[in-house]
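Only this structure's heavy atoms are used, side chains among them; waters, hydrogens and symmetry mates stay out.
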Amino acid sequence: MLSLALLTLKARKGGFVGTFVALLLGAAVLSACGILLESGIRAGSSAERYAAADVVVAGRQEVELTFKDLDGSTVKESQPLPERVPLRASSADRITGVDGAERVIADVGAPVRLVTGAGRPVPGHHGAGVEAHNWSSLGLGDFRLTIGHAPRAAGEIVLDTELAAQADVRPGDDIRLMTTSVPHTFQVAGLVALKDGGAPRRSVVFLADATLHQSVPEASVQAFGVLAAPGVSPHRLADAIRSALHDDTLAVHTGEGRGRAEFLDVTISGSNLVVLAAAIGGNVLLVAVFVLYATTSLSIRHRRREIALLRAIGTTPGQIRRMVAAEAAATGLLAGVIGCPAGLLLVYWLRDRFAGHGIVPSDFGLALSPLPFLAAVLVTVLTALVAVLSAAHRATRIRPTEALGEAAVETPGLGRGRRITGGVLLVLSAGIFVTGLAQDADFFTLVGLANSLVLVLVVAVAVLGPLVSRTAVGLLAPLLNRTGVTGYLAAANTRANVARLAGAITPLVLAVSFSSTVVFAQTTGLRESADQLRAGLVADHVLTAPSGVSPELAQKVRDMKQVASATGLVRSKVVAMGRMLGAQESVSLSAQGVDPRALGSALDLRPREGNMKALSRDTVAISTTTASWLGLGVGDTARLHLGDGTPLRAKVVAVYERGFGFTDVTMDHDLLLAHTTGKVDESVLVRSAPSAPDLTQALSHLAAAYPGTVLRDGLAVDDQLAEQRANAWVNYLVVGVIIAYTAITVVNTLAMSTAARRREFALLRLSGTARGQVVGMMRRESVIVIAAGVGIGTLLSAFPLVLVSMAVSGTPVPAVPGLGYLAIAGATAALAAAGTMLPTRMLLRIRPVEAIGAKE
């Protein structure tokens, strides 16, 4: 069978080109997603400040939740924590007592901001900010003192050389350090650099241990570095420390893990990357199955005579299935091997795009190993096998005595099995849609149902393809009959070949429906978020800074006579247990901290029920979306984990509507601020008093005392929606892959269908039909294909988009930009037209007498 399959591939190279290209693209994308997935799991960066430590003990940057699955089994899920988990200083004593630990050094630090004497903020490396640490922690890393001396007094500081160059200072010069208050002046005592001379990944300053807490009150123990006794291996020491601590909130790192403990942004980005890579890869695999099924179905249909002849001479169905399976395996293997190197190029492009949208750091390293490539090749081969065996199922079941007769003409009607399957899918689709309308208060149920609905509808159209095509022809053929002879021929051809037409329409339906659902779900969400932001911000002025605003600034603004109310706005995330479609799952929710006194005056979240001003250190308010997901209402107790892992049991005192524009959870400002890494506000919202002369000037003067702080009239909507826009970009990337697959499928499908009609074209021309009339006939046939594909795809996307719009805004009308829809429909139509007309014009260049005698 393998030799026969290879001979078939050699003889029918043109028929396998489309399948090969589709598999190659799939292998490239899947291998790229595999690399991203592995990189996310193994996310890390070489340790710098911890490079000399044999073992590093840090907070576990994830929280694990345990719950019951639908089948009653116990499930554990972890969610990453965005804030650095602080450690207790007393843990050092327990680590010191571990056998094999020679020395334990506490790394104490906090984010800070540097300002030159002229008031210019000094950015950190890659714009990532600056961290202050205790001088004794220098012994844990690769830093060395290059010039000057260690900080001895309270007013002395040591900078890394790159940071000093950016600030244009040297030992003996003054520089100002700002944490949560106005800047304080320090004298540069010395400079440090990495031993290899390179720039540190994260800019750092060092202060004397005795004065660190006085200069930086927010500093906390970030990790403990442990130096092993002579002859004790790091792994053995790490095991001993784990046994001694026996604390699930702590993580013990060696080797590459030390870099993950040092660089929190890499760890968090890795967790996000795992989710994104899995989502993109899953969508690509799903689309690939549809695309390959459509392509291989057409290829099998064009080989009906060949398969019929094989059956007539005694070939068994199993032998034919093994033959086509061998063809698919060979094609998939070759495409996978060639596609993986392309995936390596693609993954670097994706990494740069992710970095540009803030999803990963700009210097995020990729983990390269053979595993993603082997997995991509295996999945590519399996996908090809599934697609071809599904497509060949009916062709191999023909009885030998009927084989040649059935192959001579296209089989009319639709099989009973497909009719029943299609009917069940349509009923299921209707049930999903009705369920969604009945659950209009449950956001996540609606979104989940919308995603399921578009999938089920596309599958239903694929199963009922010939019936759908016959319906489309019945509606459009009468119009073509009115356009003359060419229209009559086009209508007759489409009526006689509805299965061939279905193979051309299905990929168009897939492209339009999936693309429209993904893109316009994002535009609907972004529109609602922007509207809520503009409506909810009732403050007159906003004070903000790129690296955060000192919390004391809000209090100073609040004390001004011209100000009616003001609040600092701090943002983070919390982890909770949610429920969707009856199943529990851990969820990460956005959170904001505000002064309750400013709610309604500076910030209006539009409460639906409860009292927003009742916020305190043991109460929270939640959005309607969160209320539906967590199954909570006013008076219930919310069980949350704050951004640094601290558990919180808080009473729900209000439910508000503007969660899309702001956050899922709102809590007391001071409570949330205390559990963030930076301990700074994102902004200060100010509502002026009825009579507030010179408030703008007064606020500007006050902001000048905090370098980098600027005064604005309102929150920048684009900045507030940056995370949502990044998520939207990922979904647009998925749409791009769908369009690319559609391009391959449509062009290949239509080109194969058109190429198979060379004898038909020759016969028409020999009977007196002009070349222009044949072109006109094909042009009108392509109109039917495009109109049916775009029309049905648009119709299918309307139902899930209604559910998404109901979930987001409570109205059934989604946000569909005209240019966006025209781009999707236009690109799909252009592909369909090119796939039909280009092969037609090429075939018409062949002399009719030569084409009529060509073999099939």
Side-chain angles (χ1 to χ4, degrees), residues 1-3 5-6 9 16-45 255-257 260 266 269-293 295-296 321-354 359-360 364-390 730 733-734 736-738 740-741 744:
M1 282 298 113
L2 178 60
S3 59
L6 294 176
L9 288 175
F16 287 98
V17 168
T19 303
F20 174 78
V21 174
L23 288 170
L24 188 148
L25 177 60
V29 177
L30 289 174
S31 61
C33 289
I35 295 172
L36 292 176
L37 186 65
E38 184 179 11
S39 300
I41 295 173
R42 295 170 51 191
S45 184
E256 293 182 355
R260 289 193 289 273
V266 174
S269 299
S271 299
N272 294 334
L273 202 59
V274 169
V275 176
L276 292 178
I280 295 174
N283 279 282
V284 168
L285 187 59
L286 178 65
V287 174
V289 171
F290 278 114
V291 165
L292 291 171
Y293 178 79
T295 304
T296 53
R321 283 194 291 269
R322 287 195 294 273
M323 180 188 71
V324 297
E327 295 170 1
T331 306
L333 182 61
L334 181 61
V337 171
I338 298 176
C340 286
L344 188 60
L345 299 176
L346 176 62
V347 75
Y348 281 99
W349 181 86
L350 285 174
R351 192 272 309 272
D352 293 342
R353 302 291 82 73
F354 284 143
I359 297 173
V360 299
F364 186 87
L366 295 174
L368 299 178
S369 75
L371 185 60
F373 301 110
L374 293 175
V377 172
L378 178 61
V379 172
T380 302
V381 172
L382 290 177
T383 303
L385 288 173
V386 170
V388 76
L389 290 176
S390 300
V730 173
L733 177 65
V734 174
V737 174
I738 293 173
Y741 263 121
I744 296 170

### Task
Could you tell me which non-hydrogen atom of C33 sits nearest to which non-hydrogen atom of A277, and how far apart they are?
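The answer is O-CB, 3.5 Å.
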### Message
Give me the atom names and distance for the closest heavy-atom approach of A367 to E38.
### Response
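Of all heavy-atom pairs spanning A367 and E38, the closest is O-OE1, 3.9 Å.
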### Query
With side chains defined as the heavy atoms from C-beta onward, is the minimum distance between R351 and L366 less than 4.5 Å?
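Yes. Closest side-chain heavy atoms under 4.5 Å.
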### Query
Under a 4.5 Å cut-off applied to non-hydrogen side-chain atoms, are S39 and F364 in contact?
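Yes - at least one pair of side-chain heavy atoms lies under 4.5 Å apart.
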Which pairs of donor and acceptor atoms, one on a side chain in residues 337-349, lie under 3.5 Å apart (sequence neighbours left out)?
none

Throw together a table of side-chain donor-acceptor distances under 3.5 angstrom for residues 374-382, partners on residues two or more places apart or in other chains.
from	atom 1	to	atom 2	distance (Å)
T380	OG1	A376	O	2.6

### Query
How many angstroms lie between atom CG of L30 and atom CG of L37, to the nearest 0.5 angstrom?
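Separation between the atoms: 11.5 Å.
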#### Entry: Separation between CG of L36 and OG of S31, rounded to the nearest 0.5 Å
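OG of S31 is found 9.5 Å from CG of L36.
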